[in-house]
Number of protein chains: 2
Amino acid sequence: MATGRTHRPATRSRGIPEATVARLPLYLRALTALSERSVPTVSSEELASAAGVNSAKLRKDFSYLGSYGTRGVGYDVEYLVYQISRELGLTQDWPVVIVGIGNLGAALAGYGGFASRGFRVAALIDADPAMTGKPVAGIPVQHSDDLEKIVSEDGVSIGVIATPAGVAQQVCDRLVAAGVTSILNFAPTVLSVPDGVDVRKVDLSIELQILAFHEQRKAGEEPGAEAAAGGPAGAPGAAVPPAARSTEDTSRKGPDGDMPAVMPA
Amino acid sequence: MATGRTHRPATRSRGIPEATVARLPLYLRALTALSERSVPTVSSEELASAAGVNSAKLRKDFSYLGSYGTRGVGYDVEYLVYQISRELGLTQDWPVVIVGIGNLGAALAGYGGFASRGFRVAALIDADPAMTGKPVAGIPVQHSDDLEKIVSEDGVSIGVIATPAGVAQQVCDRLVAAGVTSILNFAPTVLSVPDGVDVRKVDLSIELQILAFHEQRKAGEEPGAEAAAGGPAGAPGAAVPPAARSTEDTSRKGPDGDMPAVMPA
DNA sequence: GGATGTGAACGTGTTCACAGCA
DNA sequence: TGCTGTGAACACGTTCACATCC
């Protein structure tokens, strides 16, 4: 969803579509579960429903990886687990640093899904001296003064930023300068990075806002729902609309609910 | 990215593309920052760069909302803040419950980005009796026995699941039964919900896996980089490849790095 | 002049439907 | 027969480039 840039437009190599790459982890998880239950093979139909996609998409996705699978039978679970892992680069060890050990950083440090997928938390880093040395999820927190040393000595190429927004860019700059080339950003800021560095972004409040959008639509369009009047339900006594257009308001073609007459300067 | 279903294909209403909706919160954040600095107007160019998108996309996005903006001048910051907020449904108050108050749940409870966007944490819910009554981020944790009561009494329509994967589906079922129609899921599971309920999913390990994929590519294709041999760098001593195909291995057209000869049953 | 707003071209992703193979 | 693998059709999203209006 938020990759900094697609590295090179289509560097010769058999290009796996980005949308497919984003689903491989989903398939991998479903396959891992099957593997643990010692299921030997799955059909595209079964696997698709376990992963929450439709089977045509799944087959298409797999076709980009190669012709694994057997017609009339399905896919060999173990074999697919390996192929997808390899494709994603999970057959190698990825040391990761987490910067910013608040509640979120701590949650990430203790998240089981990392270790089981080839990711190793190489270090936890925080700027607060009071945290230094304190173990979080069994790993002692190190001070951010040592960030560069940690990254370069451990050959870390993936960094996770879980700091407040205000310091995220400078943490990012230091990580990049020290050699990190992939960043997962939880701070609600747009990070700017040089070419060749990937940034992915996870934003909790954005997700909620998208849900709110759809939620609002439901209320407005339901056959016999809540206090639905004309347009999208007249908001109850909550946030006060900030301000309005200065000069005219003719020619505004805002579809409905134009503006409650208020005024700035 | 992971909406349960597009509610109704295109229910008469002026449809705002999903991709646009997903970017509105981004614009809103950038605009809010400008508003706080009392900037009166922005050009699409300036705003786009603050939000991390290109200006053509931004203008197209805004054109779906209506003709806000003035040719030759730009957009009125306050006005746009209001219009986008309204479009997203943030001018009303959304009570939210968070279920599962571990580190992640606590991080969410304390996350400033909620309150400032019309979201109100109505309740924190956890199954552990030892947590009950304990305040987290200033809000006392309630026991999950009371989930239904809390949801219905407070008119909660958005629920956040931050529980372990094992109980996520049953928490989800209870939330839905109690009246929740939008769910933000942090548990690494595919939730199944009835029609009309939206689910969005945030998965930490998936994001890392996507980064790993690109990271691996970089190493393999860089002009003069790391231990690059032929194909995508021979993985150092890490995860052992799980298993191989049973019968043949002719006819496999796995593009490269086919399989290290091992065997299941 | 200098910006927005938008049709048209393009590219990406999804779905259909069926050929091909075990 | 039953499933995978995939071309072709379609839908969605992005970018270009320019007409339009302040």
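Both backbone and side-chain heavy atoms feed into the values below; hydrogens, waters and symmetry mates do not. Protein chains get the first letters and strands the later ones, always in sequence-line order, with residue 1 at the start of each.
Taking atom CD of residue A/Glu45 and atom P of nucleotide C/dC16, one finds them 12 Å apart after rounding to whole Å. Atom CD in B/Glu46 sits roughly 14 Å away from atom C1' in C/dT4 (whole-Å rounding). With rounding to whole Å, B/Lys57 atom NZ is found 18 Å from D/dC12 atom P. As rounded to whole Å, 18 Å separates atom C1' of D/dT14 from atom CD1 of B/Ile16. Atom CZ of A/Arg23 and atom P of C/dG13 are 9 Å apart (whole Å). Distance A/Tyr68 OH to D/dT6 P: 12 Å, rounded to the nearest Å. Atom CZ of A/Phe62 is separated from atom C1' of C/dT15 by 17 Å (rounded to the nearest Å). In this structure, B/Glu18 atom CD and C/dT14 atom P are separated by 13 Å, rounded to whole Å.
By the 4.5 Å heavy-atom criterion applied to side chains, A/Leu90 and B/Phe213 are not counted as neighbours. Using a 4.5 Å cut-off on side-chain heavy atoms (C-beta onward), B/Leu28 and B/Arg117 make contact.
Between B/Asn54 and D/dT14, a side-chain N or O to OP1/OP2 separation shorter than 4.0 Å is absent. Checking the phosphate oxygens (OP1, OP2) of C/dT12, no side-chain nitrogen or oxygen of A/Tyr64 falls inside 4.0 Å. Regarding contacts with the backbone of C/dA22, every side-chain N or O of A/Thr70 stays at 4.0 angstrom or more from both OP1 and OP2.
Judged purely by distance below 3.5 Å, without hydrogens or angles, the side chains of A/Glu36 and A/Thr32 never pair a donor atom with an acceptor atom. A side-chain donor from one of B/Ser44 and B/Arg59 sits under 3.5 Å from a side-chain acceptor of the other. With no hydrogens or angles considered, no side-chain donor-acceptor pair links A/Thr189 and A/Gln169 at under 3.5 Å.
Looking at the side chain of A/Ala19, the nearest of the listed nucleotides C/dG13, C/dT15, D/dG5 is C/dG13. With C/dA22, C/dT6, D/dG5 as the choices, the nucleotide that has an atom nearest any side-chain atom of A/Tyr75 turns out to be D/dG5.
A centroid separation of 6.0 Å or more is found between the aromatic rings of B/Tyr68 and B/Tyr75. Here the two rings, on B/Tyr79 and B/Tyr82, have centers that are 6.0 Å apart or farther.
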Which donor-acceptor pairs under 3.5 Å do the side chains of residues 45-56 of chain B make with protein atoms, sequence neighbours left out?
{"unit_1": "B/Glu46", "atom_1": "OE1", "unit_2": "B/Ser43", "atom_2": "N", "d": "2.9"}
{"unit_1": "B/Glu46", "atom_1": "OE1", "unit_2": "B/Ser43", "atom_2": "OG", "d": "3.3"}
{"unit_1": "B/Ser49", "atom_1": "OG", "unit_2": "B/Glu46", "atom_2": "O", "d": "3.4"}
{"unit_1": "B/Asn54", "atom_1": "OD1", "unit_2": "B/Ala56", "atom_2": "N", "d": "3.2"}
{"unit_1": "B/Asn54", "atom_1": "OD1", "unit_2": "B/Lys57", "atom_2": "N", "d": "2.9"}

Just the table, please: protein N/O against nucleotides 17-21 of chain D N/O, every pair under 3.5 Å.
{"unit_1": "D/dT20", "atom_1": "O2", "unit_2": "B/Arg71", "atom_2": "NH1", "d": "2.5"}

All N/O contacts under 3.5 Å from nucleotides 7-10 of chain C to the protein, with atom names and distances to one decimal?
{"unit_1": "C/dG7", "atom_1": "N7", "unit_2": "B/Lys60", "atom_2": "NZ", "d": "3.3"}

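For the pair B/Ser85 (side chain) and B/Val81 (backbone), a donor-acceptor distance under 3.5 Å is present.
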